[in-house]
2 protein chains.
Amino acid sequence: MDPRVPADERILQAALARIAVDGLGAPLRTVAQDAGVSAGLIIHHFGSREKLLDACDQRVLEVTQQQKHSALTGGGGAMLAQLAAAEEYAPVVGYVLRRLQAGGPLAQRLIEDFVAGAADYIEEGVRAGVISPSRDPEARVRVLVHMALGSLVLQLPGQHSPLDLADLPRWMREYTDSLVAPLLELYTTPLLTDSSLLETYLATQPEPAAGPGGSAPSTDRSTP
Amino acid sequence: MDPRVPADERILQAALARIAVDGLGAPLRTVAQDAGVSAGLIIHHFGSREKLLDACDQRVLEVTQQQKHSALTGGGGAMLAQLAAAEEYAPVVGYVLRRLQAGGPLAQRLIEDFVAGAADYIEEGVRAGVISPSRDPEARVRVLVHMALGSLVLQLPGQHSPLDLADLPRWMREYTDSLVAPLLELYTTPLLTDSSLLETYLATQPEPAAGPGGSAPSTDRSTP
DNA sequence: TATCGTATTGAACGTCAGTTCAGCCGTGGG
DNA sequence: CCCACGGCTGAACTGACGTTCAATACGATA
């Protein structure tokens, strides 16, 4: 790899790409080889494997924060698709997908970020009159984002099958394309012909919670 | 564990439960301890760790096949919730969630099974008049199931955080409950106020594919 | 030039996990 | 009674991986 960029940066990028391809749990030595350095140097710069992953997480958050204004067209995952289209970001997107797949704190954090971003976008749509208002906008956005990201994660190859980074943009585009038609139909024509289900359900439920957190389940992630 | 049931069966059940709790990659020795046998005996009976997982997969398929007629109320994941409610099945459900999380062939297979099951259920709803017909029923079911299962998988704890089996029924119920209100709204009131998006999109697309496989992307799982 | 600190390496270490293997033990048949 | 055999164990082997460490190369500084 290009030795003009400092070793620690090379290591970070190699780690993002390698983990995107091989999944979390990619061996340190593999990352080292990709970066053209020894395994010991990674420890020297980052302290431990864990810390290296922390640095990757940090980098990811920087990139996604800076891209926050991106559109969430189509249900949520399209921001990722859009990012992945700029091929320099493919490693970051692949890493994000692997993180979402693996679960854990960063996954939750990223999901919340996506929810927040989508909330703004959806609200705009509501103001513009192209999206229906909701009784519980927070809960609705949460559901939409969970479904969009979740269905994307389900398409990932196994944790030990490689993810082809060069092919990632095409792959994501292909999948999101396959979703557009049924999603548009689903979001245009009501799935349920009878609104009595909703009404009777609402009749038995209290008003949607007003405070932050909405109707999400317990946030205790330790014993779900 | 009860020594009246044969050792190989005890091992299988221990493996299902332990993997549900600790994720795939739970050490053989841990499973062995749970089953009250030595690690060597697992190899003796199943040949290798890989083969043991194959046996678990087989067992899962038997259980889900036999439960195929279950309802998919609420969007798809509810079959799992229903199964998990019968606490003897909690290990199987946990194992399925771990498998879906990890991706790979069994995950794809299970998803396809769920799609098939949901297709029947949805079709019934359409005939009964409570669910709108679709231009592309297969694609619609696929999207619904992917979204339902995907959002569920996203809620799982990290692969190395334990999943509390005893709490699984309550946990799943809590999550699906939190989905009911926004989902009912989403499926009763059109999200998009204007059908022109759908119409203009359909105008640029050919008829939905008629053959099996629908509008799914390439089925090549090796290099997505 | 001498020196010091930083970057970097390659070998070695400890651990963990899957697998192998030699043997033990109880049971049923000769 | 003896023995063979299948279930079963525990120790040992092997490979992978994170981490440590002593040694080296290099560049800045006095």
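- More than 12 heavy-atom neighbours from other residues, nucleotides or ligands sit within 6.0 angstrom of CD on A:Glu9.
- Here C:dC16 presents its P atom at 15 Å from NE2 of B:His160, a figure rounded to the nearest Å.
- Counting only heavy atoms from C-beta on, B:Pro27 has its side chain closest to C:dA17 among D:dT19, C:dT19, C:dA17.
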Given B:Val37 and B:His45, is the side-chain contact (heavy atoms from CB on, under 4.5 Å) satisfied, shown in steps? CA-CA 11 Å; B:Val37 302; B:His45 277 301; over 6 Å; no
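- Look at A:Arg29 and you won't find any side-chain N or O under 4.0 angstrom from OP1 or OP2 of D:dC17.
- Taking the charged nitrogens against the carboxylate oxygens, B:Asp113 and B:Arg109 do have a contact shorter than 4.0 Å, which makes a salt bridge.
- Put simply, CZ on B:Phe46 is 14 Å from C1' on D:dG7, counting in whole angstrom units.
- The phosphate of C:dT8 (OP1 or OP2) has no side-chain N or O of A:His44 nearer than 4.0 angstrom.
- Phosphate contact (OP1/OP2 of D:dG6, side-chain N/O of B:His45, threshold under 4.0 Å): absent.
- The 5' end of DNA chain D is approached more closely, in terms of each residue's nearest nucleotide, by A:Thr30 than by the other of A:Thr30 and A:Gly40.
- Between the side chain of A:Arg98 and the backbone N or O of A:Ala20, at least one donor-acceptor pair lies under 3.5 Å.
- The interatomic distance linking A:Asp8 (CG) with C:dT8 (C1') rounds to 13 Å, in whole Å.
- The B:Ala7 side chain lies nearest to D:dC8 when the options are D:dC17, C:dG18, D:dC8.
- No donor-acceptor pair under 3.5 Å is formed between the side chain of B:Arg140 and the backbone N or O of A:Pro182.
- Here the side chain of A:Val37 is nearest to one of C:dT9, D:dG18, C:dT8, namely C:dT9.
- Taking atom CG on A:Leu28 and atom C1' on D:dG18, their separation rounds to 6 Å, with Å as the unit.
- One can place CD1 of B:Ile11 at 11 Å from C1' of D:dG7, the figure rounded to the nearest angstrom.
- The CG atom of A:Leu41 sits 6 Å away from the P atom of C:dT9 (whole-angstrom rounding).
- Between A:Glu50 atom CD and D:dT19 atom P the separation is 8 Å, expressed in whole Å.
- At whole-Å resolution of the value, CD in A:Gln33 and P in D:dA16 are 14 Å apart.
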